[in-house]
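Report on the following structure.
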Protein chains: 4
Amino acid sequence: MQIAVIGHAQATPGEYEAAYTAGRLIAGNGAVLICGGLGGVMEAACRGAKEAGGTTVGILPGTEGGNPCIDITIRTGLGHARNVLVVLSADAVIAVGGKYGTLSEIAIALKTGRPVYGLGTWDIEGVIPCSSPEDAVMRAVQDATRSRTA
Amino acid sequence: MQIAVIGHAQATPGEYEAAYTAGRLIAGNGAVLICGGLGGVMEAACRGAKEAGGTTVGILPGTEGGNPCIDITIRTGLGHARNVLVVLSADAVIAVGGKYGTLSEIAIALKTGRPVYGLGTWDIEGVIPCSSPEDAVMRAVQDATRSRTA
Amino acid sequence: MQIAVIGHAQATPGEYEAAYTAGRLIAGNGAVLICGGLGGVMEAACRGAKEAGGTTVGILPGTEGGNPCIDITIRTGLGHARNVLVVLSADAVIAVGGKYGTLSEIAIALKTGRPVYGLGTWDIEGVIPCSSPEDAVMRAVQDATRSRTA
Amino acid sequence: MQIAVIGHAQATPGEYEAAYTAGRLIAGNGAVLICGGLGGVMEAACRGAKEAGGTTVGILPGTEGGNPCIDITIRTGLGHARNVLVVLSADAVIAVGGKYGTLSEIAIALKTGRPVYGLGTWDIEGVIPCSSPEDAVMRAVQDATRSRTA
């Protein structure tokens, strides 16, 4: 089971906290965390997942670097096109805040039938707003479990 | 000068007409038409551009096919990631209607600083709503000219 | 009909001359020249094609720039992955000299069934060595014509 | 430390055995196995790594599937362009047999400065022929360790 947390590389304190908690819970539920490998929301989710003993995957736009909490580094060199891989590799997606890059990921997730749970993110038809990281992860895990056993 | 027309592969009659007119005007202004190479809005824009004596470029998600009005066929095999190339290759973008694929293109265009002119499309901050294809193309040509001479 | 000329961004004088002649002949035969959009062999082929009144397409690894003889600029931001698009977009490929990047293009061309004509390039099974640019273009045009009418 | 095993989706018995052993040893040395996620050489390496308690990553050309021994599935939908990601994500590469797809990966690995150790694979300048999977993995681990601590 692979769950993505998407959001901006510069997070507000609230976004950082939400992503961190989401990461902890994703790992606590035995799922692999997928993200874009950079800072902000991505790093927060990785940090949470690592502290809960989970596995983190960073799919980078470039060919080096990545935040210090990544276990598996996928170096793509694809630039913006790597956004597509982040959501395709996830069974469910949690969006925390986010700007245009996050919007492009939400769009591809919805186009390819992946559920998107939102925490203070874009108000797009199809995104399911959640009240808390706990709420978002619980639903994402249920969806991912269902799609894996379907 | 390269201007993209983006939208869904199944167009409503109104969308088809708008995209066709936009294509005609893009060609009439001496710009190259960039699109995703498939049917619907993409084909309508190509048809308009060809009838006005212009040049059309289709950037396909697959490795074959494309609508019959394409002059230059870029076969990518990249799937959804080809959306990124359509907007990166354009100096300005005109969005006609559209669903999630179009939304992903709008998002990448705005992220990378390309102006997006909208005709009945997603209401996203940064998209400039236009009253007609004439209005959209006039503005797009002005922007593209400016960015080329900057 | 779209024919690619591939090779290194730093060309020897002999490679530059061969690519220039190939570009002239490709345009003279009414085919569109596809290339990677940078300097050296790519620029030489574009220059030849332009001087013969042809159309040139540069598929760039980055998101800006390109040599001055490109008509249609495809900005990918894909880095090395753009090599795949250059050969997929061609009906036949002419390789002039070249290093590892060119080798990757030859490999994908052969994998996807595109004929590869070689001028002083990698000696790989499947590459058809040619005695001159004239020889290479003549064969490439024949192949491309055949695949288009198949 | 991430080491890729590359090769064809249809392996000969000898190639399967070599890839399986390489996978076991990669995992035994604490490295993550990176591969293209399909059958043949890729599956053999994954099987070996899993039996030695390691972690396996499959970077798929499509958007679903993958061999049954993959822990982390990267779904790209990029087609042939995913080959680039396999080698960019590796600190060192072991090539077992292989056809044109493998050749494209060898080329990109050498272009981007990754060491390539060969077991019955393409005879390309820069590929270091090895006498056994043990030999190949020992050298790859040394290289990967060095590049990680550089």
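What you see is a predicted model, and the numbers here were worked out from it, not measured in a lab. Every chain is numbered from 1, with letters handed out A, B, ... down the list of sequences.
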* Winner by heavy-atom pair count (cut-off under 4.5 Å) against chain D, out of B:Gly62, B:Gly79, B:Gly77 -> B:Gly77
* Asked: For B:Cys46, which residues count as a side-chain contact (heavy atoms from CB on, under 4.5 Å) partner, sequence neighbours excluded?
  -> B:Leu33, B:Cys35, B:Thr56, B:Asn67, B:Cys69, B:Ile70
* For the atom pair CG (B:Leu78) and CZ (D:Arg82), what is the distance rounded to the nearest 0.5 Å? -> 13.5 Å
* For chain B, which residues of residues 22-29 of chain D have heavy atoms nearer than 4.5 angstrom -> none
* What residues form a ring-ring contact (aromatic ring centres under 6.0 Å, His included) with B:Tyr16, not counting sequence neighbours? -> none
* Structure fact -> Those residues at least two apart in sequence (or on a different chain) that pass side-chain contact (heavy atoms from CB on, under 4.5 Å) with D:Leu60 are D:Leu38, D:Thr73, D:Arg75
